[in-house]
Every structure is written in C-alpha cells, then in structure tokens.
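Take a look at the structure set out below.
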Amino acid sequence: LGLRPKRTLRLVLWTGEEQGGIGAKQYYQLHKENISNFDIVMESDEGTFQPSGLGFAGSAEARDIVKEIMTLLQPINVTDVYNNAEGTDIAYWMRDGVPGASLRNDINKYFWFHHSQGDTMTVQDPNQMNLCAAVWTVVSYVIADMEEMLPR
C-alpha cells in the first residue's frame, strides 16, 4: 500500500520460549539499553485461532488509546481489550515499564495440534490466521504512526 509509519516496526521471531524463554531473554539483554525507543511489545503465544481482542498491560492513558485503536477492528468483530497482557517473550519489557499486548483468541483447539508432531501449517485455518494478522497489523501500524509514543 506504500504506507510508512512515523516510527520503525520491528518483528522478532525466535525459538526457545518453551525452554525457559532463552530467545526472549537474549533479545532483551541485547536491546534493553534502547528501552526508551520501545513503544509497545506484543506477543502471540496462544496459536492463531479466532481472535477476540488484546490483553493489555500499561498505563490507563495508554489503555484508552489502545481501546480506541481496537475500534478500527469492528468490521472483523475483534475489539475487546482485556485487563492484562502476558507472555514469556514480552515479560522483561513489561516489567521495565514498556506497554505490552498479547493476542487473545479461542484456544479451545490449542492442544489438538500445538506441541505435538501434528503442529504444522496444514492444520491452521487461513481465515483465522488472516484475522490474527489483521489485528497485529492495525495495532502496530497505528501505534507506530502516532505523533507521540504510548504513555508509560
């Protein structure tokens, strides 16, 4: 679409979450000196099922902004903002005051395939994956394009 937000978006993929979060810990150690540049950290650790919204951890002012952003997702009925974000991969940042968000979705089928030999892309529902991607795309782009960073 040729869109360029005011600030950088960074997507990080790593392994080792199930082995004690070693990827997240190393990333944090390598980048914590730039913590003031991190607007929000977001994690998806419950699969890519039908999303319902985001768990959010941050200031009340930041929560109000995230709630407003989530209204943009009304056409796909993904607007809820839950009271807390959680996840091994974002915990270090949130502990140090960076706002955090975690995708909330319908995890009823999570253990049908996840953490098993059947955990392959072929069992994913492409429509639900697209909805999850839409949530992350809208939220991350809007936050990166705001005049000011999210309030801490």
Side-chain angles (χ1 to χ4, degrees), residues 1-25 27-28 38-146 149-152:
L1 296 174
L3 301 173
R4 295 189 63 87
K6 292 175 177 67
R7 289 183 299 285
T8 301
L9 293 170
R10 183 181 294 181
L11 171 68
V12 181
L13 303 170
W14 53 69
T15 60
E17 188 260 351
E18 298 295 338
Q19 293 77 33
I22 57 176
K25 183 176 182 180
Y27 185 82
Y28 171 78
F38 283 73
D39 216 338
I40 188 169
V41 290
M42 302 186 295
E43 175 175 346
S44 178
D45 191 31
E46 295 181 346
T48 51
F49 302 105
Q50 181 68 40
S52 60
L54 293 178
F56 180 78
S59 70
E61 188 178 358
R63 176 181 300 283
D64 288 342
I65 292 168
V66 170
K67 284 181 179 179
E68 184 68 24
I69 293 168
M70 293 300 288
T71 65
L72 298 171
L73 294 164
Q74 181 60 48
I76 62 170
N77 198 30
V78 183
T79 59
D80 291 336
V81 178
Y82 300 94
N83 286 331
N84 64 347
E86 55 192 5
T88 302
D89 295 328
I90 59 175
Y92 293 106
W93 302 96
M94 291 188 308
R95 179 197 67 204
D96 287 350
V98 176
S102 52
L103 184 66
R104 297 293 172 87
N105 56 28
D106 178 8
I107 62 170
N108 287 323
K109 297 178 183 175
Y110 183 82
F111 286 108
W112 285 19
F113 301 105
H114 286 64
H115 304 289
S116 77
Q117 295 299 317
D119 193 354
T120 65
M121 291 300 292
T122 60
V123 299
Q124 297 295 306
D125 179 325
N127 294 322
Q128 291 180 0
M129 288 181 64
N130 285 341
L131 292 173
C132 292
V135 173
W136 289 129
T137 301
V138 168
V139 173
S140 61
Y141 181 86
V142 171
I143 290 173
D145 199 48
M146 295 185 333
M149 290 179 66
L150 282 177
R152 299 272 170 110

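No hydrogens, no waters, no symmetry mates; every other heavy atom, side chains included, goes into these values.
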Worksheet entry | Considering all heavy atoms, the nearest Pro75-Leu72 contact | CD-O, 3.3 Å

Worksheet entry | Side-chain donor/acceptor of Ser59 to backbone N/O of Pro151, under 3.5 Å | yes

Worksheet entry | Side chain Asp39, main chain Met149, donor-acceptor under 3.5 Å | no

Discussion item. My understanding is that only one of Asn84, Val66, Asn83 makes a side chain to side chain contact (heavy atoms under 4.5 Å, CB included) with Phe56; could you say which?
Written reply: Val66

Discussion item. How close do Leu103 and Cys132 get, counting heavy atoms only, and between which atoms?
Written reply: CD2-SG, 3.6 Å

Worksheet item: Does CG in Leu1 sit with more than 12 non-hydrogen atoms of other residues, nucleotides or ligands closer than 6.0 Å?
Response: no

Practice prompt. Apply salt bridge (Lys or Arg N to Asp or Glu O under 4.0 Å) to Asp80 and list each qualifying residue two or more places apart in sequence or on a separate chain.
Written response: none

Practice prompt. Any chance you could measure Tyr27, atom OH, to Asp89, atom CG, to the nearest 0.5 Å?
Written response: 11.5 Å

Worksheet, complete the sentence: For Gly55 and Arg104, the nearest pair of non-hydrogen atoms, with its separation, is N-CG, 3.6 Å

Discussion item. So which atom in Ser52 and which in Val78 form the shortest heavy-atom distance, rounded to 0.1 Å?
Written reply: C-CG1, 3.6 Å

Worksheet item: Quick one: CD1 on Ile76 to CD on Gln50, what's the gap to the nearest 0.5 Å?
Response: 8.5 Å

Practice prompt. Could you tell me whether a side-chain N or O of Arg7 sits under 3.5 Å from a main-chain N or O of Met146, the two making a donor and an acceptor?
Written response: yes

Discussion item. On a heavy-atom basis, which atom in Ala85 and which in Gly100 lie closest, and how many Å separate them?
Written reply: CB-O, 3.4 Å

Worksheet item: Considering residues, nucleotides and ligands other than Asp96, do more than 12 of their heavy atoms fall under 6.0 Å from its CG?
Response: yes

Worksheet item: With a 4.5 Å limit on heavy-atom distance, are the side chains of Arg152 and Pro99 in contact?
Response: yes

Worksheet item: If every non-hydrogen atom of Gln128 is compared with every non-hydrogen atom of Thr48, which pair is closest and at what distance?
Response: CB-O, 3.6 Å

Discussion item. I need the Trp136 CH2 to Leu54 CG distance, nearest 0.5 Å.
Written reply: 5.0 Å

Discussion item. Once rounded to the nearest 0.5 Å, what's the spacing between atom CD1 of Ile40 and atom CD1 of Ile65?
Written reply: 10.0 Å

Fill in: Residue pairs, two or more places apart or on separate chains, that pass ring-ring contact (aromatic ring centres under 6.0 Å, His included) and touch residues 77-98
Tyr28-Tyr92, Tyr28-Trp93, Phe38-Trp93

Worksheet item: Rounded to the nearest 0.5 Å, how far does CG of Asp45 lie from OG of Ser102?
Response: 9.0 Å

Worksheet item: Are the side chain of Glu43 and the backbone N or O of Ile90 linked by a donor-acceptor pair below 3.5 Å?
Response: yes

Practice prompt. Measure the spacing between CE of Met94 and CD of Glu86 and express it to the nearest 0.5 Å.
Written response: 8.0 Å

